[in-house]
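Residue numbering restarts at 1 for every chain, and letters A, B, ... go by the order of the sequence lines.
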Amino acid sequence: MPGPARLGDIVAALAPAFGGELVGDADLPITRLAPLDEADATSIAFLANPRYASQLASTQAACVIVAPAQRDAAVARGAAIVADNPYLWFARLTQWWAARTRAVAAVGVHASAVVEAGARIHATASVGPWVYVGAGAEIGPGAVIGPHGHIGAGAAVGEGTRLAPRVTLMDACRIGARGIVHSGVVIGADGFGFAPEVRGDDQHWVKIEQLGAVLIGDDVEIGANTCIDRGALADTVLEDGVKLDNLIQVGHNVRIGAHSAMAGCVGIAGSAKIGRHCTAGGGAIILGHLELVDHVHITAHTVVTRSILKPGQYSGLFPIDDNASWEKNAATLRQLHTLRERLRALEKRSPAP
Amino acid sequence: MPGPARLGDIVAALAPAFGGELVGDADLPITRLAPLDEADATSIAFLANPRYASQLASTQAACVIVAPAQRDAAVARGAAIVADNPYLWFARLTQWWAARTRAVAAVGVHASAVVEAGARIHATASVGPWVYVGAGAEIGPGAVIGPHGHIGAGAAVGEGTRLAPRVTLMDACRIGARGIVHSGVVIGADGFGFAPEVRGDDQHWVKIEQLGAVLIGDDVEIGANTCIDRGALADTVLEDGVKLDNLIQVGHNVRIGAHSAMAGCVGIAGSAKIGRHCTAGGGAIILGHLELVDHVHITAHTVVTRSILKPGQYSGLFPIDDNASWEKNAATLRQLHTLRERLRALEKRSPAP
Amino acid sequence: MPGPARLGDIVAALAPAFGGELVGDADLPITRLAPLDEADATSIAFLANPRYASQLASTQAACVIVAPAQRDAAVARGAAIVADNPYLWFARLTQWWAARTRAVAAVGVHASAVVEAGARIHATASVGPWVYVGAGAEIGPGAVIGPHGHIGAGAAVGEGTRLAPRVTLMDACRIGARGIVHSGVVIGADGFGFAPEVRGDDQHWVKIEQLGAVLIGDDVEIGANTCIDRGALADTVLEDGVKLDNLIQVGHNVRIGAHSAMAGCVGIAGSAKIGRHCTAGGGAIILGHLELVDHVHITAHTVVTRSILKPGQYSGLFPIDDNASWEKNAATLRQLHTLRERLRALEKRSPAP
């Protein structure tokens, strides 16, 4: 872990690409990034939401990243970095900070790795201990395959993409450049496809071998233990910039459009087509063979049972209540259709004037 | 990857066991299997659902697998394979195709594997790199244990069963013949069992060691990152032909009857007994200590809160709507019981004649 | 596997610490623990719920653990262990039984492990095959790291904590003493954090590097394939005695209070603060930036959409029904707000006297 960074050096490193003006003492030592209310005299904090502007007066931060509108209030209390989009500037700062403080993976192939014939591993890539690289696989420049990784035959990992320890990329599956894949992810397991066959009194399931693959674009991040199944005939596709959280299931032949983001525990059934810039909250389920156009947003724990052809927010979750109230309402819900019939009957007996 | 297959050779390989009559040019070269609307002049496609019969006229496929009813329409456009059940014939074809095109795992035990004393590995089995095989474990004829597999002490893998890379089969757990287990699966982790103990003001959880195992029948497929817990005292059981998709949780002492199939993200709590030929849609939850008889079908995202003793389809999911409509309906739902009371009061004031 | 245990020896081993009086033949041989209705003449069973007292007469068990109230009925049929809390005594017995019958992990570091400079592994710890131990990591006395484990740089595993095969503990994450972590768990993957950036017509997601870690207390158990993300700036925290089942997602900066327990497939979004002694049923979702006070219990498959400041049970799940009934009620639910308006109109026309 390196020592403190000089505030002026931080701004000098980021400002040419991302803007941001330092107001205050460039010599302040910075040891960490922190939320406003936990920051100390060697912390940088940020104010993104004007609702929290009152915290400016009380924060102990050495320096606060603020929008131009908060410039005066921020400067009144100490050093400030004034940026058009403080949250985005902060995001860039976390990247700079991580690059400064984290160990770099050793370039080269660990002696314990198994590399099959015909695999091509770029000289600047890092292949960790106990990594399997199948025949004909390609590992691009600067890519990092963490320990216990599995890169199947004919699979490909793009430039600068990092696989955490213990990631499975099955045969013929491909991920583009600058991706991040977290531990436990499985890309390219078989999709769930069976043909029913009646044998006597029994119905058996006959496996449909999954002959497609998974194609993943650039700048995609995939959370821990998420699964993306290979296609049945054609491929499962994640376009550029898609972000998936942990424990997500993506079925075979799904397509997720560019820059769409899914929260944890989402399930997407086979052959669903999801547009660009869509989002889904935690635990949402998207059934198969549906289409969602661009800019569709699904609330947490909602089930998408039909195609959605108009952008917007869609919801369907049961409201939480204390258990006793819920029980009464849930019981009544099971008679809801009958209630409606009774209401109709009443309306007939007591018509509107 | 081998070159094209001759259409006549494909049919000759499958017809003796599965029927199917080739009508057309047996010499056509086939390079892939494809959906009707993506097929090209070297593709085989299939028509299973008569609703898509209109695609027969426009498909570019070299050959289409059809039912006898579509024979004339299919033959009018080119080669056809006429089979009683085109979808099932297609499933068999995918298996033949996969066997033809995929690399076969090397027989034998990789030098990096660790095999404890008393383990029995059949001479025709394949044990990949960095596989652990515990004391007394058994690996059957033709079984494949992919890289990074863990076969616990006394565990058993049946004939021809294939474990993808990175599968955990804990001590004393057994899987039968012809199974397929995908990457990241954990079979035999501890069930979730604790006895509460009050200590002063606190309630602590005292672990109940899980002394049972997991017993899995023949022809079972288990999807990526699915978990099947070992039993507390008796065993957790999956009968023959069960198919589980990805990211499914099966609690301790569950029994799943033969040929039942569960979609992704399903959760089955401890000691649930599920019949034969049941299905559950994605994200369904089956609570513990319940019984489902044979041929029960649970809709996606439905919670089974009571035993189901009659075959049929059961559902309980909140309908999706645009967010504004949902908000209004959800808010009213929290007053549903009161609405019912008001309706009753009205009915008393305005009785049916 | 050792031979039978003598009943008297079992009680002698547990009674000094946990109480329990043996009534009956101390020389009975015991070969297994079993449920009342599956027990045989060499089994110990237990009766925790007085509702099942009628099984006492019919069980074949050699010995039954009972509360003082069932003493006479139990003794009338054979040997008995009388304990104030039979279920808790049974839990202790399972621990004793497991310790007696299970193989002990070999102390020391397996030759195939990779241990980076500056890692400290206690002489009594067990580090299995193909384990990676990063720079500066610490493995405490008696800790067990199963095969294929990954212990990141600066991470720490406390005394007596056992990691099953294939567990990932990322850099700087810490778990305390006597913990149990099951196979496939990922602790310390990146939280899901991005700042939106508009580029032309597109909105891109700019990664916020996750600079915090995960801190886990003592006596914590974590189920298979569960994920606990590292914090963005501060840490994600699990306090002492927390029990998590399988396939649970814990987002960044979550805090779970001591002795809280979560069932399988639960999802907890970022920055949620959960009190002590809370529980959540399977598939429940807790949205981000919420607070649950101590002793809050969430029913399975319920979504917590607001803070809960009062102890109690909270629910929100759609009742299951046969599909046809559900369809009618669900369709009506989408008009519920309108029904309420119609009811209001009727009430105006037919006012209460």
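Counting heavy-atom pairs closer than 4.5 Å to chain B, the top-ranked of the candidates A:H301, A:R349, A:Q210, A:R306 is A:R349. By number of non-hydrogen pairs under 4.5 angstrom with chain A, the leading residue of B:S112, B:G283, B:P147 is B:P147. In terms of heavy-atom pairs under 4.5 angstrom with chain B, the leader among A:V185, A:L247, A:D229, A:V266 is A:D229. Heavy-atom pairs under 4.5 Å with chain B peak, among A:S350, A:G152, A:A189, A:C227, at A:C227. If you tally non-hydrogen atom pairs under 4.5 Å between each of A:W326, A:F318, A:Y132 and chain B, the highest count goes to A:F318. Of the listed residues A:K348, A:E197, A:K310, the one with more heavy-atom pairs under 4.5 angstrom with chain B than any other is A:E197.
Atom CG of B:N49 is surrounded by more than 12 heavy atoms from other residues, nucleotides or ligands within 6.0 Å.
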>> Could you go through A:V250 and B:N246, starting from their C-alpha distance and side-chain angles, then the distance that decides it, and tell me whether this counts as side chain to side chain contact (heavy atoms under 4.5 Å, CB included)?
In response: CA-CA 9 Å; A:V250 179; B:N246 299 353; over 6 Å; no

> Are B:L339 and A:L339 close enough, and set up right, to give a side chain to side chain contact (heavy atoms under 4.5 Å, CB included), and what steps lead you there?
Replying inline: CA-CA 9 Å; B:L339 289 191; A:L339 289 191; 5.7 Å; no

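B:N323 and A:H297 share no side-chain donor-acceptor pair at under 3.5 Å.
Checking side-chain atoms of A:N329 against main-chain N and O of B:R334 turns up a donor-acceptor pair under 3.5 Å. Distance alone, capped at 3.5 Å, places no donor-acceptor pair between the B:D322 side chain and the A:Q313 backbone.
Atoms CG and OG1, from A:L211 and B:T101 in turn, are 6.5 Å apart once rounded to the nearest 0.5 Å. Within the model, atoms OG of B:S183 and CG of A:D190 stand 11.5 Å from one another, a figure rounded to the nearest 0.5 Å. Going from atom OG1 of A:T302 over to atom CG of B:L317 covers 10.5 Å, rounded to the nearest 0.5 Å. Atom CZ of A:R342 sits about 6.5 Å away from atom CZ of B:R344, to the nearest 0.5 Å. Annotation: the span from A:S315 atom OG to B:I320 atom CD1 amounts to 7.5 Å, rounded to 0.5 Å.
The parts of A:D202 that come within reach of chain B are both its backbone and its side chain, each placing non-hydrogen atoms under 4.5 angstrom from that chain. Contact annotation for B:P35: both backbone and side-chain heavy atoms come within less than 4.5 Å of a heavy atom of chain A. When heavy atoms are compared at a cutoff of 4.5 Å, B:L93 does not approach chain A at all. When heavy atoms are compared at a cutoff of 4.5 Å, A:V167 approaches chain B solely by way of its backbone atoms N, CA, C and O. For a residue to count as touching a neighbouring chain, one of its non-hydrogen atoms must lie under 4.5 Å from one of that chain's; by this rule B:A224 touches chain A with backbone and side chain alike. Both the backbone and the side chain of B:D245 come within less than 4.5 Å of a heavy atom of chain A.
Checked options B:H337, B:Q335, B:E341; the residue passing with A:T332 is B:H337 (criterion: side-chain hydrogen bond (donor to acceptor under 3.5 Å, both in side chains)).
Ring pair A:H204/B:H259 is tilted by interplanar angle, where 30° to 60° counts as tilted.
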